[in-house]
Amino acid sequence: MARKAKNPGPTAHIDYRDGRPATLHLSKVKLVVEDTLGEVREYIFDQDVITLGSADDNDVVINDSRVSRYHCRIVQEHSGYLVADQGSTNGTMLNRVRVREAYVRSGTTLNLGGVDVRFQVFGERVEVQPSTRDSFGNVVGRSRRMREVFAILERIAPTGATVILEGETGSGKEVVARALHQKSLRSNAPFVVFDCSAVPKDLLESELFGHEKGSFTGAHQARQGLFEIAHGGTLFLDEIGEMSLELQPKLLRALEQREVRRVGGNRPVKVDVRLVAATNRVLEEEVSAGRFRDDLYYRLSVVRIGMPPLRERKEDIPLLARHFLRQAPFNRDPDDRPRINGLTEEALVILMEYNWPGNVRELINVVERATSFADGDLIDVEDLSPHVLGRHRRSGRSAGDRGDPSTASIRHRKTFKKAKEEWVMRFEREYLSALLRRNRYSISASARDAEIDRKYLRKLARKHGLLPKPE
């Protein structure tokens, strides 16, 4: 039976449910290494895995003939720090007692060959004060909740800490992950994105860890996995809650050992990757239900950040809308200057009143569509998507006055309700038609692309007669 997930030790977790300020627990490890000649070196780490050995790619390199190449590692667990021997020749001693695995307390001494390593933990508990900035990289927001998120991102970006981003679909988790990478010490190395829900389960292992030639049917040549491709940089695993239980232990091993084994291979490949994961599920509930391993949950939860949905930070909408307007692909004139400079107050009011089930991603789409419709230098009410307008009637010229044949007759309908119904039907058909063509009429792929339920998509496609007839 899966254990109920606990609060995983040193962490940064924003929890708004009880109204208390967010708290950031920062934990660092200090290792004082003293060799047989009395030379002393000090190291300070803020990462969750520290490797020690004589090989040059260890975090702590110990030049002693009795120390193995990869002697041991120190891992931050949910209940403390664990030292694990890596099969060394002469063993790892904890206060002069040989151990394979053991929890270490601050102030204890490890002995590797003839070298003493004093282990110390120090940290601080910080009540997060909202950042004074209204952006972090390409993530923008003026609300208190977003500025609290920015405050934590500013503190953890330079560290190597594993991060998990929680929040609804479309709330900006990938943008945050990319900004974390750009603000980190790994910014010049690769940023690799992988959606765990977009690849068949039997191919996930090969995608993440690579494979050797001939390891399975179709493996005509050896191939690097994403961990190897992201070496030195950041790997962003989106929708990690979709990962199968069978693959989760291998991901855990890769995070703890800092090495991967390709499918069909025997040789471990060392990797140096910072992992940022994202999910729209509540992983604590997934652990309790037995669908997600608690040990992997603890490993991922070194830093947990909850992304608020857009409906709970509506004061950010004007700032976001203008930000996306500047980035809109259709908003450039022949001289590469912005064609549209802002939104009218009426348009902003309607955007603020809408509930945004698709979150920030939906706002981006609405702004880009409005940009393509707008005639003047401001986006007005008449340029907004019909589904956003809701009960608001259009003012001024209708789309039909601009010569749009698909909507020319809408303004002549007797009732707003009937006009809206016909507009929504037309929007559904055009959207679904393009969606299905883009995904070669695969219902599953189309549902993932549109982020709607597969059964509901099939129902809509049948209603509009968009499914190919069986031969």
Side-chain angles (χ1 to χ4, degrees), residues 12-24 126-158 163-184 187 191 193 234 236 238 276-280 303-328 331 338 340-343 345 347-368 370-371 379 384 388 451:
H13 180 210
I14 304 178
D15 189 348
Y16 300 101
R17 289 172 293 184
D18 57 9
R20 292 179 300 179
T23 300
L24 178 63
V126 181
E127 187 174 289
V128 176
Q129 298 300 321
S131 173
T132 57
R133 303 179 182 180
D134 59 9
S135 67
F136 179 82
N138 207 32
V139 189
V140 299
R142 226 173 248 139
S143 63
R144 179 182 177 88
R145 293 182 62 173
M146 285 307 296
R147 289 187 293 113
E148 285 183 339
V149 170
F150 296 160
I152 288 187
L153 294 175
E154 290 164 4
R155 294 294 295 267
I156 67 170
V163 179
I164 186 161
L165 302 170
E166 301 170 316
E168 295 179 6
T169 298
S171 57
K173 298 186 290 292
E174 182 176 337
V175 183
V176 170
R178 192 176 297 274
L180 265 174
H181 173 73
Q182 292 169 346
K183 298 287 186 178
S184 74
S187 57
F191 176 76
V193 179
T234 303
F236 174 58
D238 199 7
V276 179
T279 179
N280 59 10
V303 178
R304 292 169 58 201
I305 299 177
M307 294 299 297
L310 186 55
R311 64 182 175 274
E312 295 180 6
R313 56 179 186 111
K314 287 189 174 182
E315 61 267 45
D316 289 337
I317 289 176
L319 181 67
L320 287 166
R322 295 183 182 102
H323 174 72
F324 299 140
L325 180 60
R326 289 192 295 270
Q327 296 183 328
N331 191 25
I340 300 168
N341 298 313
L343 299 89
E345 289 299 320
L348 283 174
V349 167
I350 291 176
L351 294 182
M352 295 277 283
E353 290 178 350
Y354 183 62
N355 209 37
W356 300 106
N359 289 300
V360 178
R361 186 177 297 155
E362 184 181 7
L363 178 60
I364 294 174
N365 294 336
V366 167
V367 170
E368 290 185 352
T371 303
I379 291 175
L384 300 178
V388 173
E451 298 180 355

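- Taken from CD in Q129 to CZ in R147, the straight-line distance is 10.5 Å, to the nearest 0.5 Å.
- Under the 4.5 Å side-chain criterion, counting only non-hydrogen atoms from C-beta, D316 is not in contact with V140.
- Environment of CZ in R311: crowded, with over 12 heavy atoms of neighbouring residues, nucleotides or ligands closer than 6.0 Å.
- Separating the CD1 atom in I364 from the NE2 atom in H323 is a distance of 8.0 Å, to the nearest 0.5 Å.
- With hydrogens and angles ignored, the 3.5 Å screen pairs a side-chain donor or acceptor of K173 with a backbone N or O of G167.
- Pairing each heavy atom of G137 with each of A179, the nearest pair is CA-CB, 4.3 Å.
- Looking only at side-chain heavy atoms (C-beta outward), Q327 and V367 stay at 4.5 Å or farther from each other.
- Of the inter-residue distances, the one linking L325 atom CG with L320 atom CG reads 12.5 Å to the nearest 0.5 angstrom.
- Taking each heavy atom of T371 and A328 in turn, the nearest pair found is OG1-CB, 3.9 Å.
- Between L363 and A321 the shortest heavy-atom distance is CD2-N, 4.3 Å.
- Distance alone, capped at 3.5 Å, places no donor-acceptor pair between the S187 side chain and the K183 backbone.
- Rounding to the nearest 0.5 Å places CD of E353 at 7.0 Å from CD1 of I350.
- Rounded to the nearest 0.5 angstrom, R322 CZ and L348 CG are separated by 5.0 Å.
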For L351 and L343: C-alpha separation, side-chain torsions, deciding distance, then whether side chain to side chain contact (heavy atoms under 4.5 Å, CB included) applies. CA-CA 10 Å; L351 294 182; L343 299 89; 3.7 Å; yes
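- The distance from atom CD of E148 to atom CD1 of I305, rounded to the nearest 0.5 Å, is 11.5 Å.
- The nearest pair of heavy atoms linking R145 to E312 is NH1-OE1, 2.7 Å.
- Considering all non-hydrogen atoms of both residues, G358 and E362 come closest at N-OE1, 2.7 Å.
- Side chains of Q182 and N138: a donor-acceptor N/O pair is absent below 3.5 angstrom, by distance only.
- Relative orientation of the F191 and F236 rings is parallel, given thresholds of 30° and 60° on the angle between their planes.
- Inter-residue side-chain proximity for V360 and V175 is flagged as unmet; no heavy-atom pair is nearer than 4.5 Å.
- Between the side chain of N331 and the backbone N or O of I340 there is at least one donor-acceptor pair closer than 3.5 Å.
- Looking only at side-chain heavy atoms (C-beta outward), W356 and I317 come within less than 4.5 Å of each other.
- Proximity of P357 to E168: side-chain heavy atoms (C-beta onward) are nowhere separated by under 4.5 Å.
- Of the possible polar contacts, none joining the R304 side chain to the I164 backbone as a donor-acceptor pair under 3.5 Å is found.
- A157 and S184 get closest at one heavy-atom pair: O-CB, 3.3 Å.
- Using a 4.5 Å heavy-atom cutoff, the side chains of I156 and L180 are in contact.
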Is there a side-chain hydrogen bond (donor to acceptor under 3.5 Å, both in side chains) between N280 and T169? Walk through the geometry before answering. CA-CA 6 Å; N280 59 10; T169 298; 2.9 Å; yes
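- For the pair E154 and F136, the minimum side-chain heavy-atom distance is below 4.5 Å.
- Side-chain contact check for M307 versus M146: some heavy-atom pair is nearer than 4.5 Å.
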